[in-house]
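Sharing a structure here in structure tokens format.
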Protein chains: 2
Amino acid sequence: MEVVVASQRKVGNLLGLAVLGYLVREPMHPYELGRLLKAHGEDRSIKFTHGSLYMVFGQLAKAGFIAEHETSREGQRPERTVYALTDAGRAELKDWMRELVAEPGHEYPRFVAALSMISALHPDEVAALLRDRLDALARRVGEAEAIVAGADAHPLFLVEEEYRIALLNAEVAFVRRFLERIEGWRPQWAAFHEGER
Amino acid sequence: MEVVVASQRKVGNLLGLAVLGYLVREPMHPYELGRLLKAHGEDRSIKFTHGSLYMVFGQLAKAGFIAEHETSREGQRPERTVYALTDAGRAELKDWMRELVAEPGHEYPRFVAALSMISALHPDEVAALLRDRLDALARRVGEAEAIVAGADAHPLFLVEEEYRIALLNAEVAFVRRFLERIEGWRPQWAAFHEGER
DNA sequence: TCTATCATGTAACCAGTTACATGATTTT
DNA sequence: AAAATCATGTAACTGGTTACATGATAGA
């Protein structure tokens with residue numbers, strides 16, 4: 001018997017969450033929603049492309065969380081289909097949000113994968129690469145802080161940026177500490193790479 | 001003209017990195033590698049299933065990073081194909097690792113998505129949910145620390161677990177701070193949810 | 001000896017990305 | 001008026017997941 005993963009949502013893509021969250025305010029057609037998401041910088045928090053957006057609308061409709069509201073045509077532009085949230089959709093939004101906030105999920109950041117294989121590189125090279133990473137991280141923090149400083153929204157709408165900053169700073173601290181510890185490990189670690197040219 | 005994303009590796013799945021990293025020591029067949037990865041707890045760092053493993057072996061072979069080494073049959077078990085790393089594979093491993101260590105990539109954690117939509121929930125409920133999250137995070141930290149404490153490997157082979165701990169602790173601090181700030185925002189935020197039943 | 005689990009792999013399905021299509025504006 | 005970009009959507013492709021298949025041991 002196979003393991004049955006819990007929380008098998010009909011639509012798993014987080015872009016679907018954003019769609020539900022925006023449609024709760026007013027019905028919209030996919031393209032318009034896409035522009036809104038970009039304008040609000042949601043693309044920093046949720047991965048999406050033009051294509052995935054239409055796909056997710058399709059999935060949500062099939063699952064009954066949204067439904068066609070009207071289909072209108074303006075001038076000779078392609079016909080556009082406006083979707084509205086259903087009651088099931090409203091329920092799903094709440095339920096999904098609750099799960100995401102209350103239950104941290106296991107994630108697989110790229111850096112973790114690299115760390116788990118880190119001995120594949122020579123310690124001296126790792127040290128140099130980590131210093132590059134520190135620079136890049138500092139730039140990231142700068143960008144995020146600029147966004148927070150330059151926005152005129154209520155801070156509630158910037159928490160995700162604050163969260164990013166917190167994690168980036170934690171990573172900076174970790175990398176610094178790692179760099180220090182490499183010193184002590186260097187002999188053994190380097191010996192492991194003897195005769196590699 | 002469309003944006004051409006840089007670093008278009010022939011194999012993008014991080015499971016491929018693990019395969020290269022293990023095959024650098026000795027040739028292996030997919031199933032064996034799978035057992036090894038599980039035994040070493042790599043499945044905490046890199047997402048993989050039985051199916052994705054065979055897929056990645058196929059991709060790596062097509063890309064020329066690994067090649068059939070021999071195909072043997074033991075008793076009447078299905079024939080198994082042992083793969084070995086090629087020179088191109090060795091180069092790819094190094095190059096990929098360098099990129100992953102030096103360049104932080106933009107990621108999309110689930111919690112960030114939820115935070116960006118957090119106003120969809122009532123502040124009182126958010127507070128309760130965040131307290132649940134704190135409990136869960138504490139458990140996670142405990143697990144990770146137990147792994148570090150209970151392992152007899154060189155600490156170099158536990159850095160990824162240390163990294164996880166660092167990020168978890170940063171998240172705990174962030175959530176605590178968020179909880180405090182909710183107090184001040186509560187009136188406006190709650191008003192936003194007036195008349196919802 | 002029947003049942004479960006291991007060992008090994010393939011095939012079918014689904015989700016996500018990229019490319020294509022086409023008329024309407026805007027810019028050069 | 002040609003070229004670019006916007007607006008809107010569909011179709012084709014590719015990568016990942018899930019389900020299926022099948023003989024070999026091991027446990028009840």
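Here is how names work: the chains are called A, B, and so on, in the same order as the sequence lines, proteins then strands, and each is numbered from 1. Worth knowing before you read on, the calculation uses all heavy atoms, side chains too, and leaves out hydrogens, waters and symmetry mates. Source: prediction; values computed, not measured.
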Cation-pi geometry met for A:R133 and A:F178 (6.0 Å, 45°):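 Cation-pi check for A:R133 and A:F178: fails.
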
DNA chain C contacts among residues 53-68 of chain B, heavy-atom distance under 4.0 Å: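 By residue number: B:Y54.
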
Positive for side chain to side chain contact (heavy atoms under 4.5 Å, CB included) with B:M117, one of A:L17, A:V101, A:L100: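 Among A:L17, A:V101, A:L100, the one that satisfies the side chain to side chain contact (heavy atoms under 4.5 Å, CB included) with B:M117 is A:L17.
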
Selection: residues 18-42 of chain A, any non-hydrogen atom under 4.0 Å of DNA chain C: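 When residues 18-42 of chain A is checked for heavy atoms under 4.0 Å from DNA chain C, there are no hits whatsoever.
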
Working for salt bridge (Lys or Arg N to Asp or Glu O under 4.0 Å), residues A:E183 and A:R186: CA-CA 5 Å; A:E183 298 301 327; A:R186 192 184 175 288; over 6 Å; no

Check: B:S116/A:E42 side-chain N/O donor and acceptor closer than 3.5 Å: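 On atom types as modelled, these side chains qualify, holding a pair under 3.5 Å.
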
Among D:dT17, C:dG9, D:dG9, the one nearest B:K47 by side-chain distance: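 Shortest atom-to-atom distance from the side chain points to D:dT17.
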
Spacing of A:L15 atom CG relative to C:dG16 atom P, expressed in whole Å: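 Atom CG in A:L15 sits about 9 Å away from atom P in C:dG16.
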
CA sep, side-chain torsions, deciding dist, call: A:R80, A:E32, side-chain contact (heavy atoms from CB on, under 4.5 Å): CA-CA 10 Å; A:R80 35 188 218 184; A:E32 186 185 358; over 6 Å; no

B:Q8 CD to D:dT14 P, straight-line distance once rounded to whole Å: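 It is 13 Å, rounded to the nearest whole Å.
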
A:N13 vs C:dA15: side-chain N/O to OP1/OP2 distance below 4.0 Å: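 Negative; the distance criterion is not met.
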
Value rounded to 0.5 Å, distance of CG in A:D95 from CZ in A:R9: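 So the CG of A:D95 and the CZ of A:R9 are separated by 4.5 Å.
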
Gap between atoms CZ and C1', on A:R80 and D:dC6 respectively (whole Å):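 Nearest whole value for this atom pair: 13 Å.
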
5′-ward residue of the pair A:G12/A:H50 relative to DNA chain C: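 This one resolves to A:G12.
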
Stepwise side-chain contact (heavy atoms from CB on, under 4.5 Å) test for B:W189 and B:I182: CA-CA 9 Å; B:W189 185 351; B:I182 288 182; 4.0 Å; yes

N/O donor-acceptor pairs under 3.5 Å from side chains in residues 134-160 of chain A, not counting sequence neighbours:
| unit_1 | atom_1 | unit_2 | atom_2 | d |
| --- | --- | --- | --- | --- |
| A:R140 | NH2 | B:P104 | O | 2.7 |
| A:H154 | ND1 | A:L156 | N | 3.0 |

